[in-house]
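In the text below, chain A, chain B and the rest are named by the order of the sequence lines, each starting its count at 1.
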Amino acid sequence: MSKTTTRLRIVTATTGAIILSYVGSAAIAADVQHGDGEVDVTVEIAKIDPPGVLALSVAGTSAALTENGSNDLVRQFTGSLPTVTVTDTRAADTIPAGAHWYVLGTATDFTGGAGKSTIGARYLGWAPRLIDGGASGLVAQGDPVTSAVDNTPANVGLVDRELLAMAADSGAVATEGKWTATADLALRVPSTVTPGAYTSKLTLSLFE
Amino acid sequence: MHTAPHSPTKTRVRSLRHVLVAAFATLFAATGLTAMDDRHAANADGLTYQIDDATTSGENSFAYTGAWNADKGLPTTGWYAGTEHWSAEKDAAVTLSFFGTGAELHGRKHPAHGIYALSVDGGPETRFDAYAPTATSSVLIFGTGKLPQGSHTLKLRLTGDKNPAATGIAGQVDYAVVTTDGSEAGIAWAGLPQPSQLTLDGGALELPAASRLFVLRQQQGLLQAEAERFSAELAASGALPAAPQIAVGDENQIRPGDIVLRQGDLAGTASPESFAIAVSNRVDVTGEGVQGVFYATRQLLQNLKASGKIPTGNVSSEPSVGERSLHIDVGRKYYTKQWIAAQIRDMGYVGLNTLQLHFSENEGFRIASDGHPEVVSAERLTKDEVRELIALAKANHIQVVPSLDMPGHLMQALSAHTELRLKDVWGRDVRGALDITKPEAIAFAKELIDEYAELFAGSTYWNLGADEFVDFDRMSDYPILDNAAKQRFGPTANGFDLLTAFANDMGDYIESKGFTVRVWNDGMMRGNVVNLETDMQITWWTNWDTNMAPLQKALDGGYKLVNFNDSVFYYVLGEAAGYKYPTAARIWDRNWHPGVFPNLETGPQTLPQPYPAQLLGASFAIWSDRPAEQTEAQVAAGVRGPLRAMAERSWNAGSKLRLAQFDTVNQMIARAPGIEQPLGASGNVTVLPSAGLSVPVKVDGRCVAGKVLLAVSAANGEGVPVAVKFASSYGAKSFAEVAAGKNAFHAFSTRLAGIPAGEVTVSVSAVVGGVAVSTPQVIAYPARTC
């Protein structure tokens, strides 16, 4: 198994925005690291020789979450994940049969509120959304994950590693070459939350 | 029609003679009727062409430098084609450019001939002494020997030297023989017209005896008739031992060896005649319309006829113009229904889609009449026979255009109506002309129109003629017309205005019966007052007379046009009026395409591509001026090559084929099935039991970050969009529309490190042939632990 990881730092204030920024990445146990780095979102489109590479990039370094749809019991802050792009320049016949790439996301607890208070990652949910899933229909977006304050299925937040998108078969979709996805982010916390600026890191990892 | 006595020199046709003299070729050239049973013949040792010295253009031709004399009209016993070139000037030279594997130069030896120097492709010179004590014809002067297949030159120079016995240093050439190896042809795909795009892999599919024709269930109504005819044709042409069965079913019921007929949208074309053919271990035919399916199946029949196989790969084709036509003068000569039917089959075989039946002429009126039996010739087609021909044409995707020429060319119709004939200034009958100033003459014309409009109901076009009414260069001979014109349209009007008004009035009348009306060009756009209505179309046959309006005038006037270029496509029986029988060679030599109209005296009239929308198409024409000159069989054999050349070049706006390749394919494909022996029964139609919608599903438990994801995919194997719904213990997912050939895929998050065995229910629904079809599937999956 191999992967590419991008970690985002999320800074939030209950009065304002959540800031995402990228920091370095770390390999996840049992996964083979496929490539990583500071995600300066500069893009250099270099000539790639066969066998090509499978890679992940993110089209931004921050996302602003703004208060939207709060009620007496729950305060809600929403925003969007910067566009996540997976590219595959490998020849289809060089990809092992049955291989399938997928992108996971996980978030740390939010920290930095007044009095060093925290907000658990379990309150941050997302709804993955394919922007360009390719013509074949063989790339799927992950199921939604909701905040722990909600009484819904999958109300576990982004504590564990959750699926953003997956290819049914890397070889079958390789000729499409490029796919993009985003996710609607929603931080939903009890209205008793301590006001302040909070930061979380959201890590996106590409595996195959 | 079109017997205007114009000089043959106006046709600008050089005496190019491409004569097939390869041994096998006589088999076809002799009668043109012989079945191409020996399909290897065209791949034999090659083709040989005789090139006359007068041929100075085309792929094989002579170029003369220095002072040469061109003689013609010599006895053909001693001079090929009755022509020669000779010179008595030192260093006068002639160069034969040719494509092939070799050439031989032939001419006379003569007491006054000197010594020639001959060279190939600019190489060293070889000397030849052309002296002989007595003149001798058809002597081999020089042969190049075997050369690599390609373009070469053979040059002859008069050295000025001579044999001591010779009385001069002169030289003479009569003809050359060019040889090409069989491969020149390099016929990748034996079809006419050639597909616009060919991507072949060099292989070939031999149809198994168990081949079926396959029609998709939802297209049965659309394509069953095509499949049935094609089935019978495959048997009749010998491509299969028996007429193949026709299977109607679903995409997933197609088997290797099947020929699948399908109507579907093709990229980049809007013509219903366009088609694509993919040949692998089966054949997939897709027509943009039913016509496209028809033309694609012609291509398959032709390849099978030529080689017994179908080359593997992909071809696609789109016509350059929408109308590709044959006009037959069935007025002057009686042709049997059977003969016309054979022409219809041959037309459809090579992509022609319009038949103009010219049934009234000075020398004959050849469809029976109930209203005016007195106008009809003894030998004529019955109306039932005409109806049969119209039905056969329709089945071959050919529209029939009635051509009832008036107010000229009506001598037969007026044979019993002396009172309706136009008189000239001397009070004499004008041959074949109706006196359009008389109300009773107009009434007579309308009665004829009424009767035949009913017979040809359903046709789109009607050719009213309006040509060669009188001698257009001597309008002062017809004061009746001039007076009537001035009375009706004022002092500046003339006979042309009156003729144009007649065309407009009759045109309106015929239009009211549902036809679009056409007229010939020669007498149009020549009046002073009356304009031809712009919804009339013009069949443009000639500009032999400088007084005729040029093409540009018709373009400026907005008229739609069909190119009948007489100098290329007029097959006039007896070569009357200075016409020469068209040949494929001359059509190639002219580099004809649908935009090449008859020349003006001042130069060509050519519409470049892309063609304007006003150019509807092109037509070949058989005129039966001297009906006894050729039998039906001779006419059929005579027109086949040039007609197919026209079919190739009108579909493709020219041709990628060399002439030799065209000749080869023309021979290989033989005649259309159903001519040499009647079509038998088609194979049985079997509607296969539905196998449900072909949407295979895969379920896969995947370990992701230590937990199981249940990945479910469904591939749409149908030719139509389907709706898909997955339902599992871990959620449901719907896809409103999965396009043909695409997939539905979802990964359900279980959030469990292990899941027990279970099932996914997949519902697939679609509308197939207007009917909603739903196929539920339950897919079991095993337990999975990460």
Side-chain angles (χ1 to χ4, degrees), chain A residues 1 3 5 27-31 97-106 122 125-128 130 133-146 148 152-173 176 179 181 203-208, chain B residues 267 695-718 720-755 760 762 764 766 779 781 784-786:
Chain A
M1 179 173 284
K3 73 161 185 66
T5 298
I28 292 172
D31 295 335
H100 49 272
W101 57 256
Y102 53 96
V103 178
L104 301 181
T106 187
R122 69 183 187 280
W126 74 359
L130 285 174
S136 67
L138 286 172
V139 173
Q141 63 203 27
D143 285 329
V145 176
T146 52
T152 57
N155 58 346
V156 296
L158 297 177
V159 174
D160 209 327
R161 284 174 287 171
E162 298 291 345
L163 183 68
L164 180 75
M166 172 182 269
D169 184 305
S170 294
V173 300
E176 295 171 1
W179 308 267
T203 303
L204 294 166
S205 306
L206 170 65
F207 298 87
E208 182 174 84
Chain B
V695 181
V697 175
K698 279 194 294 193
V699 180
D700 182 16
R702 294 178 171 178
C703 287
V704 168
K707 290 175 180 169
V708 181
L709 277 178
L710 195 63
V712 184
S713 63
N716 180 7
E718 292 295 326
V720 296
V722 297
V724 177
K725 184 177 181 185
F726 300 147
S728 77
S729 307
Y730 309 100
K733 181 77 180 175
S734 294
F735 299 83
E737 183 170 297
V738 178
K742 305 302 184 191
N743 302 273
F745 171 56
H746 191 71
F748 293 99
S749 293
T750 69
R751 304 186 191 293
L752 299 168
I755 59 170
V760 176
V762 179
V764 180
I779 312 295
Y781 58 83
R784 182 80 159 98
T785 303
C786 293

- Any donor-acceptor pair under 3.5 Å linking the side chain of B:R702 with the backbone of A:A168? yes
- Task: Please name all residues satisfying ring-ring contact (aromatic ring centres under 6.0 Å, His included) with A:W126, sequence neighbours left out, ordered by chain then number.
- Result: none
- Message: Walk me through whether B:V704 and A:R161 qualify under side chain to side chain contact (heavy atoms under 4.5 Å, CB included).
- Response: CA-CA 9 Å; B:V704 168; A:R161 284 174 287 171; over 6 Å; no
- Task: Heavy atoms only, distances under 4.5 angstrom: which of B:A739, B:A747, B:A711 has the most pairs with chain A? Name it, please.
- Result: B:A747
- Message: If you count heavy-atom pairs within less than 4.5 Å of chain A, which of B:L709, B:V738, B:D700, B:V712 leads?
- Response: B:L709
- Under 3.5 Å: donor-acceptor pair, side chain of B:N743, backbone of A:S136: yes
- Part of A:V139 within contact of chain B (heavy atom distance under 4.5 Å): backbone
- Task: Pick one of side chain, backbone, both or neither for A:P144, based on which atoms fall under 4.5 Å of a heavy atom in chain B.
- Result: backbone
- Query: What part of B:A744 gets closer than 4.5 Å to chain A, counting heavy atoms only: side chain, backbone, both or neither?
  - Reply: backbone
- Item | chain B contact via A:Q141 - which portion, at a heavy-atom distance below 4.5 Å | both
- Item | Side chain / backbone / both / neither for A:L138 at chain B, heavy atoms under 4.5 Å | both
- Item | Partner residues of A:D160 under the salt bridge (charged side-chain N to carboxylate O under 4.0 Å, His left out) criterion, sequence neighbours left out | B:K707
- Message: For A:A165, which atoms come within 4.5 Å of any heavy atom of chain B: side chain, backbone, both, or neither?
- Response: neither
